2 protein chains.
Amino acid sequence: MDMKKILSIIVVLSMGVSVFAQNLWESNNVISPEVNPDNTVTFRFNAPSAKSVYVTGDFLPTTVVKVNGYNFKKPQDAPLEKNEAGIWEFTSNVLESGFYDYAFIVDSLRVTDPNNVYLHRDVAVVQNYFIVPGGIGDNYMTKDVAHGSLSSVWYHSDVLGKDRRMMIYTPAGYENGKGRYPVLYLLHGMGGDETAWSDGGRAVQILDNLISEGKVKPMIVVMPNGTTKHCAAPGETGEGMYKPYNSSSLDTSFEAHFKDVIAFVDSHYRTVRKKSSRAVAGLSMGGWHSLQLALNYTDTFDYVGLFSAYMGPGRDEGLGFMAPQMYENMDEKINTLYANGLKLMYIAIGRFDFLYAPNTAFRAKLDAAGHPYTYLETDGGHIWKNWRLYLCDFTQKLFK
Amino acid sequence: MDMKKILSIIVVLSMGVSVFAQNLWESNNVISPEVNPDNTVTFRFNAPSAKSVYVTGDFLPTTVVKVNGYNFKKPQDAPLEKNEAGIWEFTSNVLESGFYDYAFIVDSLRVTDPNNVYLHRDVAVVQNYFIVPGGIGDNYMTKDVAHGSLSSVWYHSDVLGKDRRMMIYTPAGYENGKGRYPVLYLLHGMGGDETAWSDGGRAVQILDNLISEGKVKPMIVVMPNGTTKHCAAPGETGEGMYKPYNSSSLDTSFEAHFKDVIAFVDSHYRTVRKKSSRAVAGLSMGGWHSLQLALNYTDTFDYVGLFSAYMGPGRDEGLGFMAPQMYENMDEKINTLYANGLKLMYIAIGRFDFLYAPNTAFRAKLDAAGHPYTYLETDGGHIWKNWRLYLCDFTQKLFK
């Protein structure tokens, strides 16, 4: 029995018996997606008996549709064409550099691409992705640079009375050095969890790449779970393998327990334990959390990042479930935050974001009070494309 | 605009625009899989226009088929039945407790379950999984016990001249304590990578659960990448997002560089730096690596675990690519290993494993030399079901 034969058997076997039914190695052995040198992307799908195959994704031209009375951009699904061998194929337009999601729709059934193992989960949806290089996408690629570590760690929250999980990034050099580092606390949105930023958010690649280029100061990035009902991401707790849903924490419990997060980080990592070396930023619900953390712990963070931030509503809209203390007296707290020497209030949002109006109102409030801030307005809506971009931009402004 | 409406929009939006095309939240809003109280499992798939839907997986009855002249067990795919609402459904037999893989086959197309975000990748195949409790499966579930940390860290190998990644598990208590811990080096098989044991191998859950029950000593588990051509798992290196393939290291380079792994672990973690507190174990190719590491560093490990181990062939079969020194003189090295006080040689294999014969020959060699070993023979073949079970068994015998 020759070596090659042994090798091929070992590999097939290590995948588990169920794979035999289909032998994916042969029947789907096409390259997909293929990012071409001209930044078009070719998708292929091996399904000789299918009647139609479409690709859908955020790289396609869009049309505007209304959802709950709001305008959203919907991709125009692109049909693949079948060749003589039964392989369906489609090549995109030239794409802007970036990180893109996609799925196939085969005879009306949405499926992932069996030739692409690169998937990310966002809330309850798992999608394939690809990266187009040559611009912002370069920040999202794993490159041969010095890499930081990523750890899932458990801390105890006295406030909540339970152990909770968070992801912690330490930059290249941390493991082998003795120096202390500033800390960015980076928060996810509603329905997300502590893995959101290191998964689809590409935080590890962004930090590795921008630090290696000298554009971002080496820093520790702490990504806690923003939903106090849960101890950790779906499947990582005793709650079982439930289907993720839109759980949230807008009752101040997340903010109240945050001192436990900081205490754990400052006692377990070589951090610079002062205000000028701490930043807090988040997307959507995490933007609201960031703002409230900054406003309620006014001697803690010198840098605040609001990415497509949720902006209330406050108690006066009848939301009795919100403990009032922490979300009240915002104007007064904003004055205190600035008086304490805040170095950066960073606000970023897409022109098409359904939270655009409340963010405009928040900026007007800052303007009226004479409080400076940095503002970035981009295309698109309430989407990861923007949040990855904001992280690249925001981190370059920290701790300098 | 009421809060519920805002919440539902935020959640939908945070998934990215491409999801709009299908609105997975509604069209596939069925529960699947559902592990029933009697340990049957119900699978559901929402596809009113499909002509046939089957489920395939390692929980099904099997038939024996020949692959490359060897007998393997192939699952008998089970047909789902469509109800009036267009939902396809199938309920399994009562299943033995365990961790199972599955996929759907819809009109001859193999797809993952859109209602189950729990997936694991093994080499180039991504599959859904579920766990049936009440026995061995309890070891694989995440429970409300004290949890260890899992970190991806990068170490430098002087021997290979490059940075490489590994996964490191530290047990509950490590973060908040000062004690030193024994170390298990745990190796993957051909085509696998440093994530194999912590992904489908369920090593984190196994260790967390068995340590919390007092059955396993708290230990650090180090999971390096066994393929020296690669620095890390697919997508985690500058090689790009290639499709994983059956890469291997059977040229002694992995064994030669292993001193760099141990040096990093012993200098960065609170380890007990002696032979009696080190174990090495691996599956398939990783079993061969484990044996060779034990034989070539005979003062390093007191515990060796060979799970469905690959057992050569040696140099005399014309495999010129193998550097001879490390894989030669096995009998002599085995004698030295035992003379140095080896505490456990653990050999485990399935009766149906295609590597059964060479493992039998290896045991005969130990028997002939009068070297004791612990042997576990199980049902089934060269499959993860066995390797997870062996890890549960092996770890209970360590450092006691």
Side-chain angles (χ1 to χ4, degrees), chain A residues 3 5 7 9-11 13-22 24 47 49 56-58 68 73-75 77 101 106 108-112 117-118 121-126 142-144 147 149-154 175 189-191 235-238 241 244 246 268 284 319 354 382-384, chain B residues 3 5 7 9-11 13-22 24 47 49 56-58 68 73-75 77 101 106 108-112 117-118 121-126 142-144 147 149-154 175 189-191 235-238 241 244 246 268 284 319 354 382-384:
Chain A
M3 192 67 188
K5 204 165 173 185
L7 297 193
I9 291 179
I10 290 176
V11 172
L13 290 180
S14 69
M15 296 184 300
V17 286
S18 59
V19 169
F20 275 114
Q22 192 83 351
L24 278 178
S49 61
T56 184
D58 56 3
N68 282 341
K73 291 180 177 176
K74 178 187 180 302
D77 303 340
D101 297 323
V106 183
S108 303
L109 191 70
R110 186 188 167 97
V111 300
T112 54
V117 298
Y118 300 100
R121 178 181 64 82
D122 197 14
V123 193
V125 177
V126 175
T142 304
K143 297 187 215 163
D144 282 330
H147 298 289
S149 298
L150 182 70
S151 302
S152 69
V153 302
W154 290 81
E175 305 261 4
M190 197 171 295
E236 301 292 344
T237 73
M241 290 162 53
N246 58 346
H268 288 72
S284 197
L319 296 161
F354 76 107
H382 206 75
I383 52 176
W384 272 108
Chain B
M3 194 64 188
K5 204 165 172 183
L7 297 192
I9 291 179
I10 289 176
V11 172
L13 289 181
S14 69
M15 299 184 299
V17 285
S18 57
V19 170
F20 275 115
Q22 191 83 351
L24 277 179
S49 62
T56 185
D58 56 3
N68 282 340
K73 293 181 176 174
K74 178 186 179 304
D77 303 340
D101 297 321
V106 183
S108 303
L109 192 71
R110 185 189 167 96
V111 300
T112 54
V117 297
Y118 300 100
R121 176 181 65 81
D122 196 14
V123 193
V125 176
V126 176
T142 306
K143 297 187 215 165
D144 282 330
H147 297 288
S149 297
L150 182 70
S151 302
S152 69
V153 302
W154 289 81
E175 303 263 5
M190 198 172 292
E236 301 292 343
T237 73
M241 290 162 53
N246 58 345
H268 287 73
S284 197
L319 295 161
F354 77 107
H382 205 75
I383 53 177
W384 272 108

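Since the structure is predicted, the reported quantities are computational estimates derived from the model, not experimental observations. The analysis underlying the following values was restricted to heavy atoms, covering all of them including side chains, and did not include hydrogens, waters or symmetry mates. Residue numbers start from 1 in every chain, and the chains themselves are labelled A, B, ... in the order their sequence lines are given, proteins ahead of strands.
Between E175(B) and V153(A) the shortest heavy-atom distance is OE2-CG1, 3.3 Å. Contact record, S149(B) with W154(A): OG-N, 4.4 Å, taken as the closest heavy-atom pair. T142(B) approaches G235(A) most closely through the heavy-atom pair OG1-O, 2.9 Å. Heavy atoms only, all atoms of each residue included: G238(A) and D144(B) are closest at N-OD1, 3.3 Å.
For chain B, the option among M241(A), K143(A), R121(A) with the highest count of heavy-atom pairs below 4.5 Å is M241(A).
Heavy atoms closer than 4.5 Å to chain B are found in the side chain of S49(A), but not in its backbone. Contact annotation for H268(A): only side-chain heavy atoms (C-beta onward) come within less than 4.5 Å of a heavy atom of chain B.
In this structure, T112(B) has no side-chain hydrogen bond (donor to acceptor under 3.5 Å, both in side chains) partners at least two apart in sequence or on a different chain. For V106(A), the side-chain contact (heavy atoms from CB on, under 4.5 Å) partners are F45(A), A50(A), V53(A), F104(A), V111(A), L109(B), not counting sequence neighbours.
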